[in-house]
Each structure stands twice: as structure tokens, then as C-alpha cells.
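Following: one structure in C-alpha cells, then a few remarks.
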Amino acid sequence: MTIRLLHQTDLFRPYIDPDDHWDLACVYALAASGQLELGGVLVDFPPNHYPGRSPDVTGIAQLSYLTGLPTHMAVGSSVPYTHDRASLATLSRRDRAGAEFLLRYLRDSEGPAYISIVGSCRDLAIAAKLDPDLFRNKCAGIYLNAGTGHPDVAKQGGIEYNVELNAAAYAATFDIPCPIYWMPCFETIRQEAEGTVERYGTLYRFKQRDILSKLSPALQSYFTYSLEGRTDARYLQPLLAPRSDVPSFVTFRADRDMWCTAGFFHMVSHAVDKAGNIIPSSNTDDAVFGFRPVDIKCDPNGVPTWTDADAESNRFLFEVKDLDSYASAMTLAMTTLLGNIQ
């Protein structure tokens, strides 16, 4: 049966971190290649600490045009999630829209329905509070890109950005009655500054030119428009004349931190080997990443603890299996994936 995905993202224009535009392109590339059906894009409400941002409907529209795939989108709640169920009754219609969008997606899905979280967990937590049985019966899995994964809480070093957006919502996610694939952004907060690969963190880094130079002119234009922070609403024109829209020298030179790529491959039963080849996820001996069954607890402040569990667990923790090859392999695999958008 067709795999379906709802992609939740903090995708803004101007961007806060352009990794979200890379993630969105990966999701559309999987949909364009027929590996999944994109059931919708849910964009966070802009955070107060980054004024002047709006949900990037133009980036979504550009990829929709390039792939020929119409996509529904919604904007999330402006009100933080709390553990008080009574507070849900006070949410306005517009602040419930993101959660209702997510619930409709699950109700309408006949095959495996996945959710990827690459920003705040706010609307996910609201939706699960409104209808937990729907998640139990219809959600095949949530890929949760947030947090720090060191097994020793004292060594985690602080609260990761996606968790800070709404720590109560992040904590509530681990109580949702469906499979959770936890993808900590870092093993420790220190990893962010150092840019190193660690066992229990998804972070890897690459030079943008290593991928941009190999993409189709039209997809390069999508990235140029986004990476250079353009706010011109005439988003179609660059795609129609891409060869005149060359990425700037700074864009080519820039490093890019990425976190979420492995989850997209795993969702469609793929992994990546040391040489960057996309392989079946059943080839666990050759894969540079995997997921291990765990038990997870998370306190209301967003601090997780985990221990290994048996195969019956429906909680899984991301793990880098080859520290030396992971970054280069994921870069090559993403290049191959994005080749599906011409």
C-alpha cells in the first residue's frame, strides 16, 4: 500500500535555518519518485524571537510546480501546548487548524501514515490530546527530529532548539500511542558548535556546492531563491529561466548542517551504505545508520532519558553505526535523491 507522509516544519521566509528548505526538497523528491504520497505540509507559527518571518508558502509552491504534485498546507498554532486539557477548549479556530489538519490526514489515510517533525511538536501534541485513539489506530510512526540523545542526562549539556520551541509538547510526544522514531539532533549540545558526528545525534555537515552543482538548473533555482533569503513573491519566474539565476559565490561556499535525512530514507524502507548508495533497510550490516529499540521517558521540561529495550518496543532511537562514513555517505545519498526533481 502507498506510504503517506505529513511533513511538519518550521519553514519560514526569510529562513531561520535553511536546512528546512533542504528537508522539504527531499520530501518532494521522494514523492516525485513515487516512493510516498505527500499528504500535506504543516508549517509552524513563526516564533516571537525571530520577528518578520512568515510561513514559506512560496517554497512549497515552487516544489509543487517542479514536481507537478499539488500539496495541501496549513499553519500551526500561535499558542503553546500545555498539559492542561481544559486549555484546548479555549483555542481559537485558527489555532486549532494545524491540529485538525493533522487529524484529517490520519482519518483519510488508508495505508501507512507517517508524520515527520522537524520543528515544534506543538500541533502534534494538541492533535494527540484531542484524539489519541486515532494515533493508536492509524499512525504508522512519528519521526521526531529534536532533542539530545546522550544516555547520560548530565552530559546532554542543555535543551536543543526544537525542544525549546515548546518543551511540554515535546515531552507529550513520547506518550502518543504509536511508534516513535526518535532522532536526536545532537548527542550533546556541544556537538552543534563542533560540527562533529556522534553516535546518538543525527547532525552531519556538507558544502552546499557539493550537491548544488549536481542538481537540475530548476532545482538549483529553488535553492538560490531560498538560500539567498529572497522575499519577492514572484516565485515562478526564477524557475522558468533557471540558467540566468546562478547561485551566489557565498551560497556555493556555505556549509550546511543537516539532521533529518536518515528518517526520510528509513520511512520508505531504505538505508545508506558507506559509499553513499541507497540500499534496502534490511541490509543492516552495510548501513551507516539504524534505529535501536528503547524505552524513553521525558520530563515536562523536555529532558529525556532512555534505556535499551527488547524488540517488542515501539520506541526507537537513531544511531550512527559508522562515524567516519556517515557525513559523506548521507551527502551522496541526498544528491541522488534530489536528482528525482528535474
Side-chain angles (χ1 to χ4, degrees), residues 5-32 38 40-47 50 52-67 69 71 73 75-76 116-120 143 145 161-162 165 185 202-239 242 245-248 250-265 330-331 333-335 337-342:
L5 170 65
L6 186 138
H7 182 62
Q8 178 278 332
T9 174
D10 51 342
L11 184 84
F12 303 120
R13 185 168 300 274
Y15 59 76
I16 294 175
D17 188 332
D19 70 297
D20 297 289
H21 288 86
W22 286 90
D23 288 337
L24 188 70
C26 288
V27 167
Y28 268 93
L30 285 170
L38 185 53
V41 179
L42 176 56
V43 184
D44 284 352
F45 190 87
Y50 281 102
R53 266 70 179 181
S54 290
D56 188 12
V57 296
T58 56
I60 297 170
Q62 284 180 321
L63 288 170
S64 178
Y65 172 76
L66 289 178
T67 59
L69 298 171
T71 302
M73 67 87 61
V75 177
S116 60
I117 303 294
V118 304
S120 166
Y143 285 82
N145 296 271
Y161 174 79
N162 284 346
L165 291 172
C185 296
T202 58
L203 173 69
Y204 68 97
R205 182 172 291 170
F206 66 94
K207 290 285 186 187
Q208 291 190 153
R209 66 184 175 212
D210 291 343
I211 296 184
L212 288 174
S213 62
K214 299 177 177 66
L215 302 181
S216 68
L219 188 55
Q220 282 190 32
S221 187
Y222 157 79
F223 279 111
T224 301
Y225 185 85
S226 299
L227 296 171
E228 296 180 4
R230 299 180 189 173
T231 56
D232 185 343
R234 293 174 295 178
Y235 64 87
L236 193 58
Q237 279 67 33
L239 305 184
D245 194 37
V246 180
S248 73
V250 173
T251 295
F252 262 110
R253 289 181 59 195
D255 289 330
R256 179 58 43 228
D257 288 351
M258 292 293 292
W259 291 272
C260 312
T261 320
F264 301 138
F265 285 122
M330 297 306 295
T331 302
M334 185 163 58
T335 306
L337 174 61
L338 293 176
N340 289 303
I341 302 178
Q342 297 299 314

If you draw a 6.0 Å radius around OH in Tyr161, do more than 12 non-hydrogen atoms from other residues or ligands fall strictly inside? yes
Side chain to side chain, Ile117 and Thr9, heavy atoms closer than 4.5 Å: no
How long is the gap from OG1 on Thr67 to CD on Gln62, to the nearest 0.5 Å? 11.5 Å
From Leu42 CG over to Phe45 CZ, what is the distance, rounded to the nearest 0.5 angstrom? 13.0 Å
Can you list the steps and then say if Trp259 with Asn162 is a side chain to side chain contact (heavy atoms under 4.5 Å, CB included)? CA-CA 12 Å; Trp259 291 272; Asn162 284 346; over 6 Å; no
Could you tell me whether the side chain of Asp20 reaches within less than 4.5 Å of the side chain of Val118, counting heavy atoms only? yes
Closest non-hydrogen atom pair, Tyr225 against Pro238: CD1-CG, 4.1 Å
If I take atom NE2 from residue His7 and atom CE from residue Met73, how far apart are they, to the nearest 0.5 angstrom? 11.5 Å
Close side-chain approach of Phe252 to Ser213, heavy-atom, < 4.5 Å: yes
So, for Asp10 and Gly119, which heavy atoms are closest and what is the spacing to 0.1 Å? OD1-CA, 3.7 Å
Give a yes or no on whether the backbone of Pro46 and the side-chain of Asp44 come within a donor-acceptor separation of less than 3.5 Å. no
Output yes when a side-chain donor or acceptor of Thr224 lies under 3.5 Å from a complementary backbone atom of Gln220, and no otherwise. yes
Which atom names give the shortest non-hydrogen contact between Leu11 and Val43, and what distance separates them? O-CG1, 3.3 Å
Is there side-chain contact between Arg256 and Ile211, with at least one heavy-atom pair below 4.5 Å? no
Flag if over 12 foreign heavy atoms under 6.0 Å of OH, Tyr235: no
Compute whether any side-chain donor of one residue and acceptor of the other, for Thr71 and Tyr28, lie under 3.5 angstrom apart. yes
With Asp257, which residues qualify under salt bridge (Lys or Arg N to Asp or Glu O under 4.0 Å), at least two apart? Arg205
Would you check, one step at a time, whether the test side-chain hydrogen bond (donor to acceptor under 3.5 Å, both in side chains) holds for Asp56 with His21? CA-CA 9 Å; Asp56 188 12; His21 288 86; 2.7 Å; yes
How long is the span from the CZ atom in Arg230 to the CG atom in Asp232, to the nearest 0.5 Å? 8.5 Å
Do the non-hydrogen side-chain atoms of Ser116 and Cys260 ever get within less than 4.5 Å of each other? no
Would you tell me whether Thr58 and Arg13 have side-chain atoms, one donor and one acceptor, within less than 3.5 Å of each other? yes
Leu38 versus Leu69: any side-chain heavy-atom pair under 4.5 Å? no
How far apart are the closest heavy atoms of Ala218 and Leu66, and which atoms are they? CB-CD2, 3.7 Å
Heavy-atom check, side chain of Asn340 versus side chain of Leu30, under 4.5 Å: no
Sorted by chain and residue number, the side chain to side chain donor-acceptor pair (under 3.5 Å) partners of Ser120 (sequence neighbours excluded) come out as none
With Lys207 via salt bridge (Lys or Arg N to Asp or Glu O under 4.0 Å) - residues at least two apart: Asp255
Answer yes or no: is there a side-chain heavy-atom contact under 4.5 Å between Ile60 and Tyr65? no
Distance (rounded to the nearest 0.5 Å) between Phe265 CZ and Met334 CE: 8.5 Å
Measuring from atom CG of Leu227 to atom CH2 of Trp22, what distance do you get when rounded to the nearest 0.5 angstrom? 6.5 Å
